[in-house]
Colleague: 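Starting off with a structure, shown below.
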Amino acid sequence: MSTVTTANYLNYINGEWVESTSNETIESINPAAPEEIVGHIQLSTKEDLDKAVEAAKNAQKTWRGLSGSERGEILYKVAAIMEERLEEIAECATREMGKTLAETKGETKRGIAILKYYAGEGMRKVGDVIPSTDNEALMFTTRVPLGVVGVITPWNFPVAIPIWKVAPALIYGNTVVIKPASESAVTFAKIAKCFADAGLPKGVLNMVTGSGTIVGGGIAAHPEIKGITFTGSNAVGKSIAHEAMKRGAKYQLEMGGKNPVIVAGDADIELAVDAVIKGAFLSTGQKCTATSRVIVEETIYDRFIKKLIAETKKITIGAGIHADSWMGPCASETQYKSVLQAIQTGINEGAKLILGGKPYEDKVNNGYFIEPTIFEVADQNIAIAREEIFGPVIALMKVSSMERAIDLANDSAYGLSASIFTGNITRMLKFVQEMEAGLIRVNAESAGVELQAPFGGMKESSSHSREQGEAAKEFFTSIKTVFVKG
Ligand SMILES: NC(=O)C1=CN([C@@H]2O[C@H](COP(=O)(O)OP(=O)(O)OC[C@H]3O[C@@H](n4cnc5c(N)ncnc54)[C@H](OP(=O)(O)O)[C@@H]3O)[C@@H](O)[C@H]2O)C=CC1
Ligand SMILES: O=C(O)CCC(=O)C(=O)O
């Protein structure tokens, strides 16, 4: 394991690394070895946030005045610096929130690719020419930035999510105040350093760490923040929406999922089992796109379960920093307790536990590990079949027909991601048509978002907006329709 560092990570405000006015810090710890402090982050105050917003506001005019390609050049430089620091950032993310090094390296590469994608966006079109009814006039649309944008991010994708919000915000001419999740703020501090070292003008990106209520809530309520983009829990997302609505700010929310995978009678069982295991257990199930419900046609149910159990037993659990660990710990003690509680509720409510269900004992470091867990569920109304668990837990359900499978899959408050395994084109098309989810996957795992495509959910999974790819332009800009008569 790498050396333990207990460095103090400062806020980044107006181009400077500064301590909070509180003079207090909080610890970010390693969930695979809770005795290990990865770093101390600032426990910021409302005053710190106000300074960051003021800096972002002051930087706005000059930043939006640059051409898209000039802003893009800076994002290309950030990407190049991140490429040099890939190992350092990935290792920090693994130590800070637990997912394996293979996953954090992949995620850091994805962050770099997102930066390059949005750097290129600076050269692409921002509007359309629309024929006017007046043949002597020119009518067209153009886009302008919102102004200061507030970014509130979770710990489960500590590199990719902040970047897929910050990069489009910046390329379209906004300035940013970001509050990263406390459990992964050291990782974001390293990313903020890449922006600083790339020569981003002062005030264009500001990072303020600390409490969700004070800093995150402060962003939601701040009169000078014109747009808020958030990924995290439904409860917090809804509170942000209320605050934003009260003062007329734009908001975008990406929240939970209870993502189903349907395995039809004709499915390739090996392929389906592999995808279910990756979708449910990679990142210890802590993805909003994770596979949470597996709905299997009765004709292949027994064969599917047998293979699923056999393959799940092969999973190696351990600190993500070790190359032989396939699944790391839960990201925090809170997550660990909440997942164990959800498992207990499943047992109490009559679900049949067929694998796992217990803490995975780590006698060396007492990490927050939980065994990959599989339940058979007959009643789709119990909590384990309805609520987001955000841990390595599958609810398996048996159905007698594809109609029933789609009805069950749609019987959820959420609608983020959904997969089907089948070789039958009629079934595929019916699923594509009838499934209420923003991300539809056929013969592929439920997770796996591509940066150039729109990402977001239906129902309670999002605010019905989309992130990433070209869709980001819709949130981070306002359209102006221009009519010019010579
Ligand atoms: N859709 C997704 O990808 C995610 C879903 N979740 C779901 O949420 C559950 C709880 O995870 P948790 O980390 O507590 O998620 P939260 O929604 O609490 O945290 C997400 C972000 O919001 C901040 N925040 C917390 N409270 C407020 C507030 N009142 N106003 C504004 N911002 C706030 C957090 O700060 P701080 O870290 O300082 O608390 C963090 O930066 C998980 O079990 C999972 O079900 C969680 C993360 C990601
Ligand atoms: O599946 C992915 O790659 C992205 C998932 C995600 O956005 C999330 O878990 O918050």
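Just follow the structure's listing: the first ligand is 1, and inside any ligand the first atom is 1.
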Colleague: Taking only residues two or more places apart in sequence or in another chain, which ones pass salt bridge (charged side-chain N to carboxylate O under 4.0 Å, His left out) with Glu467?
Modeller: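 For Glu467, the residues satisfying salt bridge (charged side-chain N to carboxylate O under 4.0 Å, His left out) (neighbours in sequence not counted) are Lys165.
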Colleague: Please enumerate all residues that pass side chain to side chain contact (heavy atoms under 4.5 Å, CB included) together with Tyr12, with sequence neighbours excluded.
Modeller: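 Checked Tyr12 against side chain to side chain contact (heavy atoms under 4.5 Å, CB included); matches are Trp17, Ala196, Met207.
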Colleague: Of the choices Gly216, Ala235, Ser182, Ala181, which has the non-hydrogen atom that lies closest to atom 31 (C) of ligand 1?
Modeller: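 The residue whose heavy atom sits nearest atom 31 (C) of ligand 1 is Gly216.
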Colleague: Nearest heavy atom to atom 26 (N) of ligand 1 wins, so pick from Val236, Val339, Leu416, Ile41.
Modeller: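 Minimum heavy-atom distance to atom 26 (N) of ligand 1 goes to Val236.
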Colleague: Verify the contact flag for atom 18 (O) of ligand 1, where contact means a protein heavy atom under 4.0 Å away.
Modeller: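 So atom 18 (O) of ligand 1 has protein heavy-atom neighbours under 4.0 Å.
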Colleague: Within less than 4.0 angstrom of ligand 1, does Phe157 place any heavy atom?
Modeller: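 For ligand 1, residue contact (heavy atoms, under 4.0 Å) with Phe157 is absent.
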Colleague: Quick one: side chains of residues 221-228, donor-acceptor pairs under 3.5 Å with protein atoms, not counting sequence neighbours, listed by atom name and distance.
Modeller:
residue	atom	partner	partner atom	Å
His222	ND1	Glu224	N	3.1
His222	NE2	Asp50	OD1	3.0
Lys226	NZ	Pro223	O	3.1

Colleague: Looking at Thr291, Ile440, Val294, which one forms a side chain to side chain contact (heavy atoms under 4.5 Å, CB included) with Ser446?
Modeller: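 Exactly one pass, corresponding to Thr291.
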Colleague: Establish, yes or no, whether the cationic atom of Lys99 lies under 6.0 Å from the six-membered ring centre of Phe157 and within 45° of the ring axis.
Modeller: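 That pair qualifies as a cation-pi contact.
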Colleague: Using a 4.0 Å heavy-atom cut-off, which part of Gln335 comes near ligand 1: side chain, backbone, both, or neither?
Modeller: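 Gln335 to ligand 1: side-chain contact only, backbone stays beyond 4.0 Å.
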Colleague: What residues come within 4.0 Å of ligand 2, counting heavy atoms only?
Modeller: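 Near ligand 2, by chain and number: Arg110, Asn156, Phe157, Ile161, Trp164, Thr231, Lys287, Cys288, Thr289, Ala447, Gly448, Val449, Phe455.
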Colleague: Should one rank Phe390, Phe188, Phe230 by closest heavy-atom distance to atom 46 (C) of ligand 1, which comes out on top?
Modeller: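 The nearest heavy atom belongs to Phe390.
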Colleague: Which part of Ile219 is near ligand 1, with near meaning a heavy atom under 4.0 Å away: side chain, backbone, both or neither?
Modeller: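 No part of Ile219 is near ligand 1 at this cut-off.
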